[in-house]
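Heads up: the structure comes next, in structure tokens.
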Amino acid sequence: DTDTDTDVDTGLPPCRDGHYTGPFGFEASALGGAIEDRCEGTVELDILEAAEPQIEGTVRCAFKGVIASLGLSSEYGGSLVGALGTHPEASGQLGVAIDTDSVSDDWSGSFEADTLLGAFDGAFTFSYSDRTYEASYTGAFQATLE
């Protein structure tokens with residue numbers, strides 16, 4: 001009798017449920033690059049495939065340079081929501097309150113092992129000394145399963 005069993009790859013993606021944390025940040029630039037700063041902080045999110053939304057969490061960051069020296073708020077917070085796509089992809093929306101406006105945009109990302117890598121970009125406005133300025137931003141987060 002010869003054993004003819006073979007292993008079959010079901011192609012099912014791994015379960016992503018769990019609590020994830022890691023670094024979050026974005027580079028902001030205004031006045032054609034005359035004002036540049038980085039908002040650095042953390043992301044904390046939960047993934048539950050059976051929930052709606054599947055990805056839900058918070059982000060926090062603080063500017064460290066020029067924007068911080070303008071006397072704006074010292075720390076900013078916001079939310080991150082999303083959905084799992086075709087393995088290994090994920091995407092959603094991100095919102096961070098920035099004084100008179102907010103960084104609010106779509107993010108997209110993918111999993112590398114137990115880490116969700118996400119990226120986003122866009123623009124926001126901020127006020128200083130009775131003037132409003134437009135700033136562009138590009139950012140990323142890296143949330144690893146605890």
Side-chain angles (χ1 to χ4, degrees), residues 3 5-128 132-146:
D3 186 334
D5 294 343
T6 59
D7 290 333
V8 177
D9 182 4
T10 62
L12 295 175
C15 179
R16 298 294 186 190
D17 290 358
H19 186 73
Y20 293 72
T21 61
F24 166 86
F26 62 90
E27 300 278 342
S29 177
L31 299 174
I35 298 175
E36 293 185 339
D37 205 345
R38 177 160 179 79
C39 198
E40 296 179 347
T42 59
V43 60
E44 187 169 334
L45 57 89
D46 291 302
I47 297 178
L48 184 58
E49 292 180 14
E52 181 60 39
Q54 293 174 312
I55 302 170
E56 189 169 25
T58 58
V59 295
R60 294 189 130 347
C61 69
F63 285 106
K64 304 291 184 190
V66 175
I67 293 176
S69 71
L70 297 177
L72 301 174
S73 298
S74 60
E75 185 173 91
Y76 302 97
S79 63
L80 181 144
V81 296
L84 301 170
T86 303
H87 175 69
E89 298 171 357
S91 62
Q93 294 77 42
L94 167 76
V96 178
I98 303 288
D99 290 314
T100 60
D101 203 355
S102 66
V103 170
S104 181
D105 217 318
D106 294 337
W107 63 268
S108 62
S110 63
F111 284 90
E112 288 187 10
D114 287 337
T115 299
L116 174 58
L117 303 172
F120 55 94
D121 60 22
F124 68 96
T125 58
F126 68 95
S127 295
Y128 176 70
T132 300
Y133 300 93
E134 177 88 8
S136 61
Y137 62 86
T138 182
F141 63 88
Q142 180 177 328
T144 301
L145 180 64
E146 290 187 329

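Given the structure is predicted, the values throughout are model-derived calculations rather than measurements.
Closest heavy-atom contact between E27 and R38: OE2-CD, 3.1 Å. The two residues Y20 and A143 make their nearest non-hydrogen contact at CD2-O, 3.4 Å. When every heavy atom of A97 is checked against every heavy atom of Y76, the shortest pair comes out as O-CD2, 3.0 Å. Nearest heavy-atom pair, V43 versus F24, reported as atom, atom and distance to 0.1 Å: N-CB, 3.8 Å. Here the closest heavy-atom approach between residue G109 and residue L116 is recorded as C-CD1, 4.4 Å. The two residues L45 and I55 make their nearest non-hydrogen contact at CD1-CG2, 4.1 Å.
For the atom pair OG1 (T21) and CD (E44), the distance works out to 6.5 Å, reported to the nearest 0.5 Å. The distance from atom SG of C61 to atom CD of E40, rounded to the nearest 0.5 Å, is 9.0 Å. In this structure, CD1 in I47 is found 3.5 Å from CZ in F111, a value given to the nearest 0.5 Å. In this structure, CG on D106 lies 10.0 Å from CG on D121, to the nearest 0.5 angstrom. Rounding to the nearest 0.5 angstrom, the gap separating the CG atom in D17 from the CG atom in L145 is 9.5 Å. Note that CD of Q142 and CD of E112 are 8.5 Å apart. Values are rounded to the nearest 0.5 Å.
Below 30°, between 30° and 60°, or above 60°: for F141 and W107 the angle between ring planes is above 60°, a perpendicular geometry.
D37 places no side-chain N or O within 3.5 Å of a backbone atom of A28 that could act as its donor or acceptor partner. A donor-acceptor contact shorter than 3.5 Å links the side chain of Q54 to the backbone of L84.
Between F26 and F63, the ring centre distance stays below 6.0 Å.
Between E56 and V81 there is a side-chain heavy-atom pair separated by less than 4.5 Å.
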- Task: Evaluate salt bridge (Lys or Arg N to Asp or Glu O under 4.0 Å) for R60 paired with E75, printing each intermediate quantity in order.
- Result: CA-CA 7 Å; R60 294 189 130 347; E75 185 173 91; 3.5 Å; yes

